[in-house]
Amino acid sequence: MCGIVGYIGGKEAFPILINGLKRLEYRGYDSAGVALLNGSLGNFKRKGKVAELEDFVNSENCSGTVGIGHTRWATHGEPSDKNAHPHNSMGDLFSVVHNGIIENYARLKDDLVKHGYSFKSETDTEVLANLIEYFYLQSEEMTSEAAVQLALSKVVGAYGIAVLCSREKEKIVVARKGSPLVVGLGDGEYFIASDASPIAEYTSQVVYLNDEDIAIIQRDGFTLKNVQNNPVSLKISNLDLEIGALDKGEFEYFMLKEIYEQPLTIEETFRGRLREDYSEIVLGGLLNVFPKLEEAERIIIIGCGTSWHAALIAEYLFEEYARVPVEVEYASEFRYRKPIINSRDVVILISQSGETADTMAALHLAKSKGATVLGICNVVGSSLARETDAGVYTHAGVEIGVASTKAFTAQVTVLTMIALKLAKRKGSIDIQEYKKLVNELSEIPEKGRIILESDQKIQKIAEKYHEAVNALYLGRGYLFPVALEGALKLKEISYVHAEGYAAGEMKHGPIALVDDNLPVVVVAPEDAYYEKVVSNIQEVKARKGNVIAIVTEGDSGLKELANDVIEIPKSHPAVAPLLAVIPLQLLAYHIALLKGCNVDQPRNLAKSVTVE
Ligand code: AGP
């Protein structure tokens, strides 16, 4: 949700902190701040973007080689200077940056008020800062890390924190539970961040903290313990993150760059998994669990947002080809619904970030019931990747645009490969059909490049409809989830109220919305549902609705009927979602741009939802 950074070493901390916060700004961008230890504890924070903080602090010309920083996605207290992080304790002994939610903060606050503490902000985090100070002042021998451990033992909720103490100037204490935290090991310097992107340009040696880990970081080294004060072994991982991937290049927005990267990222997701001659699929990461998948009485696929849409497409693929019953679940519902799960179940959890709180809770629940838990994830070293039994990485590269695009097509590519491979192993697919589908999959990148060439045409269509305040997206079969995804993209980045619907459902309600102000986007390539979808388009036209149809190239019939068409190359229906979604991503992008929206950092959203 929020992004936190920290630095201790020989260099000036401020530029490193600001650079890191800019890299993490996709995690939250309503306010930002830094605290620097230089004699005293300097705290500089304000509402707005990191760039505004940078100008503000530069004017204050502060220095220090030990510091922490934060970019915020508000949970408690609206975005403002006083609610921005870092939060100092009442006596200015501690400064804290926090990513997560302290659920019992109100009760802790009441107790602290009884001990004479007062508060400047509405945040849960300031309560933690005062709680740490409260314990620190309990005895002369108390160290800052011991005070942090005591405070955290009282906390209910999720946290990723970094803490400075004005009396212990050569130290940063960090801890996590539920929210991600990475420590970068430099040469006589240490970097702290919510994910690896701010660290990659300084070192490739990192330590991913696990839940309840606490690290005491000093210039000459760092110690890893857990909140119960037991030592924890250090596992150093090698970071493989290409810095160039973190820049927009010639693109105005990361989202457009990531849409254009899809042919390449799908090829990357094929790499080492699709034989050169496209005759076979090899999924080494699942080799040991394929028997479980073959025996599974059902497969439960879980995710949130766009990842949930990928799960819906997988349901069609697994049931049609692997002939295994599939249930698709919203993680936020699954975790509290008291679902019936047993050891013969296989649960697949899909997450771009690998840190989404609801998805992680669903993982823990399924695991606690003995199910086999598999992950499909885009971030190496993320919690989901480290806590599942096995899994497959999508090789989409770092996705910075808050609206997920290339991670979605990479997820669907991986799910298609798993479904086909499982079908072949189970013998539930004819070998010719298998080969044909593997070949169809291999043609997607090239066909994707063809679709990107119609970007300008899609921009023209966006110009026609960018003043609409509502929109309806329709699709059938494999393309119903694509309609949902198209609607989500438009909602997320342009704030237009858009609804995705199964086209067959339109007559049961949504058709009431249709009039000449409503753009209706219909995903209608040639497939088994084509005629039915054409009838749905006629029903919309009969009520003066404006139809934008995604059609198979050369479809003159719909060219006549629809107000606007966007053509996509012909493909097998089972892989058509990978093509049909691209025009919907571009349509949303151009409408948002025309409405003057910040496409990469849409209001109220964040890239990785690490709180409930
Ligand atoms: C999609 O564009 C959104 N960013 C959001 O719905 C996202 O898909 C959801 O939060 C799940 O994120 P995850 O894949 O990282 O778990």
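In listed order, ligands and their atoms are each counted from 1. These numbers were taken from a predicted model, which means no experiment stands behind them.
Distances below 4.0 Å separate heavy atoms of Lys489 from the following atoms of ligand 1: 1 (C), 2 (O). Here is the list of ligand 1 atoms found below 4.0 Å of a heavy atom in Ser307: 8 (O), 13 (P), 14 (O). Atoms of ligand 1 lying under 4.0 Å from at least one heavy atom of Ser404, given by number and element, are 1 (C), 2 (O). Atom numbering of ligand 1 starts at 1 in the shown order; those under 4.0 Å from a heavy atom of Ser353 are 13 (P), 15 (O), 16 (O). Near Gln352, meaning under 4.0 Å from any of its heavy atoms, are these atoms of ligand 1: 13 (P), 14 (O), 15 (O), 16 (O). Atom numbering of ligand 1 starts at 1 in the shown order; those under 4.0 Å from a heavy atom of Thr306 are 1 (C), 2 (O), 6 (O), 8 (O).
In terms of polar-atom proximity, defined here as any N/O pair under 3.5 Å, Gln411 makes no such contact with ligand 1. Looking at Val402 next to ligand 1, an N or O pair under 3.5 Å apart turns up. For the pair Glu492 and ligand 1, the shortest N or O to N or O distance falls below 3.5 Å.
The residue from Leu605, Thr356, Leu349 that puts a heavy atom closest to atom 12 (O) of ligand 1 is Thr356.
No side-chain donor-acceptor contact under 3.5 Å links Thr306 and Gln352. Counted by atom type alone, Ser197 and Asp195 present one or more donor-acceptor pairs between their side chains at under 3.5 Å. In summary, the side chains of Arg337 and Ser332 do not present any donor paired with an acceptor at a separation below 3.5 Å, with no hydrogens or angles considered. With 3.5 Å as the limit, one finds no donor-acceptor pair spanning the side chains of Thr123 and Asn83.
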Determine, stepwise, if the pair Lys406 / Lys257 fulfils side chain to side chain contact (heavy atoms under 4.5 Å, CB included).
-> CA-CA 9 Å; Lys406 61 177 183 174; Lys257 175 191 176 211; 5.7 Å; no
Side chain to side chain contact (heavy atoms under 4.5 Å, CB included) evaluation trace for Ile301 with Ile350 | CA-CA 7 Å; Ile301 311 182; Ile350 307 175; 3.6 Å; yes
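Protein heavy atom at the shortest distance from atom 6 (O) of ligand 1 is Gly305 CA, 3.3 Å. In this structure, the protein non-hydrogen atom closest to atom 10 (O) of ligand 1 is Val609 CG2, 3.8 Å. For atom 9 (C) of ligand 1, the nearest non-hydrogen atom of the protein is Cys304 O, 3.7 Å.
Residue contacts with ligand 1: Ala403 is included, with a non-hydrogen atom under 4.0 Å away. Contact between Glu355 and ligand 1 is absent, with no heavy atom of the residue lying under 4.0 Å from the ligand.
By the 4.5 Å heavy-atom criterion applied to side chains, Leu578 and Thr413 are counted as neighbours.
For Phe408 and His309, the ring centers sit 6.0 Å or farther from each other. Ring centroids of Phe251 and Tyr260 are separated by less than 6.0 Å, placing the two rings close together.
For the pair Glu612 and Arg335, the salt-bridge criterion is met [side-chain N within less than 4.0 Å of a carboxylate O].
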